[in-house]
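Below, chain A is the first sequence line, B the second, and so on; all start at residue 1. Because the structure is predicted, anything quoted here is derived from the model rather than measured. Computed from heavy atoms alone, side chains included, the values below leave out hydrogens, waters and symmetry copies.
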2 protein chains.
Amino acid sequence: MDSGAVILDLNQLRRSCASCSLHELCLPAGIYGDDLKQLDTAIRDKRALERGSSLYRDGDAFKALYVVRSGSLKTFVQNEAGDLQILAFHLPGEILGFDALASNRHVSQAEALEHSGICELPYDRLMQVSNDVPALHRQLMRVISREMVAEHRHLVMMGRQPAQERLAIFLQNLADRYSRLNRSDTSLTLSMSRHDIANYLGLAVETVSRLFTRMQETGVLEVNRKSVRILRPDLLAELCNTQHPAHLKRHDHD
Amino acid sequence: MDSGAVILDLNQLRRSCASCSLHELCLPAGIYGDDLKQLDTAIRDKRALERGSSLYRDGDAFKALYVVRSGSLKTFVQNEAGDLQILAFHLPGEILGFDALASNRHVSQAEALEHSGICELPYDRLMQVSNDVPALHRQLMRVISREMVAEHRHLVMMGRQPAQERLAIFLQNLADRYSRLNRSDTSLTLSMSRHDIANYLGLAVETVSRLFTRMQETGVLEVNRKSVRILRPDLLAELCNTQHPAHLKRHDHD
DNA sequence: GCATCCAATTGACCGAAATCAACTGCTGCC
DNA sequence: GGCAGCAGTTGATTTCGGTCAATTGGATGC
């Protein structure tokens, strides 16, 4: 209400990249000194996003890339027939919006899974800065490439893995990313619904629910609604790689 | 054998971007005049690739991006457990190798499906040129983004679509790309095996075979080994979008 | 505090596609 | 020319995960 609150909010949001705790995980990785200061000028802060509200939608004009500063989001596409596919869940430090580079329109939607803070990187500013800072361009490409590689993993999972492995891989991947954020990698708080998990994994909600139960019964997890504790990381790792049918494996290559 | 043959071969391969028939579909799209000449200096020609031989493999150091000039390739990943997933089939004008930008190593393999010609774009030269030609950077990002969007479509297919739709979508997509190359979009010559198609679609070979038979029986296709004629494009389009279960559709978004 | 609503779980049943198996027919090689 | 070997097809059977249905239980609101 009063201007004090506004200033406080701005202080919280307006922080330079150099002092941001996500520094090493975010776009600035590998960019230093004056270059980093210049990058700072390209970053516009963005108000917080409430759970369920959208950062961008399918068809929106491309204006900026976005970095998750806090909270989490999901991105998804919908085809003409209306089927919805979740592409990814995004944790702090991760960059969204690359889908729009091709056509200057977003072809997916990004929605907050919880109260989240976002840094906005207006694309034209970013391009201006990267004229002076060649490293920025390379870093941007690296980040996109990283995202492509992650998508490849998703694709392998969807094409080849049975249900239990999918969930195991999903949980392990989340745990890995949590630990990179210096959070516990054995005690996860899932910000997405079972429905979202199921959709992301290409499974039915019921299957995901049953798998959670089964993994709890076998002592791998302790599940309590959104909170998942990994009791046996070793067993979870095993579940990620059980043997499956031969025809899916490498054929004659090599 | 004689030097005449060598010169002919070089003539065929060493052609500037400006005169290349793939011009408008390839990296040079949107780059003109002197900029295009400069881009030309970054392009090293590459010998032809025989069917079954690899352009790069998992673990290879990243040196260059590659453009398919003629023929076709498949790219695939293999996880630790050995399951292989084909990521894409690449037709003339398409660019490969972006997966290596993230880590400076390829994390996938590219293999020729038939005798193919390749343009090599050494990455350091490309970066040098793009310092002078800002449009090149943007174009590169656009191309990567386009690839990401294509991967999203693949992901929707894998996660949500039943078998017949997958094959229909695959064929229609191929037909579209053929027509952009000014080839017939009703008469396809599949350079990949049934095995490859099945793997790409996340299905068993037998399922793919049965689907081809069924689509022939219903008069949609005329199939003869590698050659597929689309008799009823309208029916094929319908098959791409039949109705499926409600839980996969959009939930409350909007 | 209680009613409503929706997320999540659990159970029973079903079906699409995988697996297993047999066979056909190219293709290439001696 | 004939045979080996593999790609592809076809059929029978199984199975994993989806669908349908009922129930639980945590939140939210009055």
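The side chain of B:Thr213 sits closest to D:dT10 out of D:dG18, D:dT10, D:dG8. Checking D:dC20, D:dT10, C:dA8 against every side-chain atom of A:Arg194, the shortest atom distance belongs to C:dA8.
A donor-acceptor pair shorter than 3.5 Å can be found between the side chains of B:Glu114 and B:Ser72. For the 3.5 Å distance criterion, the side chains of B:Arg160 and A:Gln85 qualify, holding a donor opposite an acceptor.
Where the helix from C:dG1-D:dC30 to C:dC30-D:dG1 starts and where it ends, the local axes point in directions that differ by 40°; five pairs per end, rounded to 10°.
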Please tabulate, for the side chains in residues 179-187 of chain A, all donor-acceptor contacts under 3.5 angstrom to protein atoms that are two or more places apart in sequence or on a different chain.
{"residue": "A:Ser179", "atom": "OG", "partner": "A:Asp176", "partner atom": "O", "Å": "2.9"}
{"residue": "A:Ser184", "atom": "OG", "partner": "A:Thr186", "partner atom": "N", "Å": "3.1"}
{"residue": "A:Ser184", "atom": "OG", "partner": "A:Thr186", "partner atom": "OG1", "Å": "3.3"}
{"residue": "A:Ser184", "atom": "OG", "partner": "A:Ser187", "partner atom": "N", "Å": "3.0"}

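Residues B:Leu171 and B:Leu167 are in side-chain contact: their nearest non-hydrogen atoms beyond the backbone lie under 4.5 Å apart.
Between B:Leu167 atom CG and D:dG8 atom P the separation is 13 Å, expressed in whole Å. The CG-P distance, from B:Leu113 to D:dA7, rounds to 14 Å in whole Å. Computed from coordinates, the B:Glu206 CD to D:dT13 C1' distance equals 13 Å when rounded to whole Å. Computed from coordinates, the A:Leu203 CG to D:dT19 P distance equals 11 Å when rounded to whole Å. Residue A:His195 contributes atom NE2, which lies 11 Å from atom P of D:dT19 at whole-angstrom precision. Separating the CZ atom of A:Arg166 from the P atom of D:dG18 is a distance of 8 Å, rounded to the nearest angstrom. Atom-to-atom, CG of A:Leu190 to P of C:dA7 comes out at 16 Å; the value is rounded to the nearest Å. Taking atom CZ on A:Phe212 and atom P on C:dT9, their separation rounds to 7 Å, with Å as the unit.
For A:Gln164 against D:dC16, no side-chain N or O and base N or O form a donor-acceptor pair under 3.5 Å. Donor-acceptor pairing under 3.5 Å, judged by distance alone, is present between the side chain of B:Arg210 and the base of D:dG11.
Not one side-chain nitrogen or oxygen of A:Thr207 sits closer than 4.0 Å to the OP1 or OP2 atom of D:dG17.
In terms of heavy-atom proximity, B:Thr218 sits nearest to B:Met215 at OG1-O, 3.3 Å. Smallest separation of non-hydrogen atoms from A:Glu80 and B:Asn241: OE1-ND2, 3.4 Å.
The only option from B:Phe98, B:Tyr56, B:Phe76 that meets the ring-ring contact (aromatic ring centres under 6.0 Å, His included) definition with B:His106 turns out to be B:Tyr56.
Counting any heavy atom pair closer than 4.0 Å across all strands shown, B:Ser209 reaches a base atom.
Below 30°, between 30° and 60°, or above 60°: for A:His154 and A:Tyr200 the angle between ring planes is below 30°, a parallel geometry.
Listed by residue number, the members of residues 215-228 of chain A with any heavy atom below 4.0 angstrom from DNA chain C are A:Arg225, A:Lys226.
A distance of 6.0 Å or more separates the ring centres of B:Tyr66 and B:His90.
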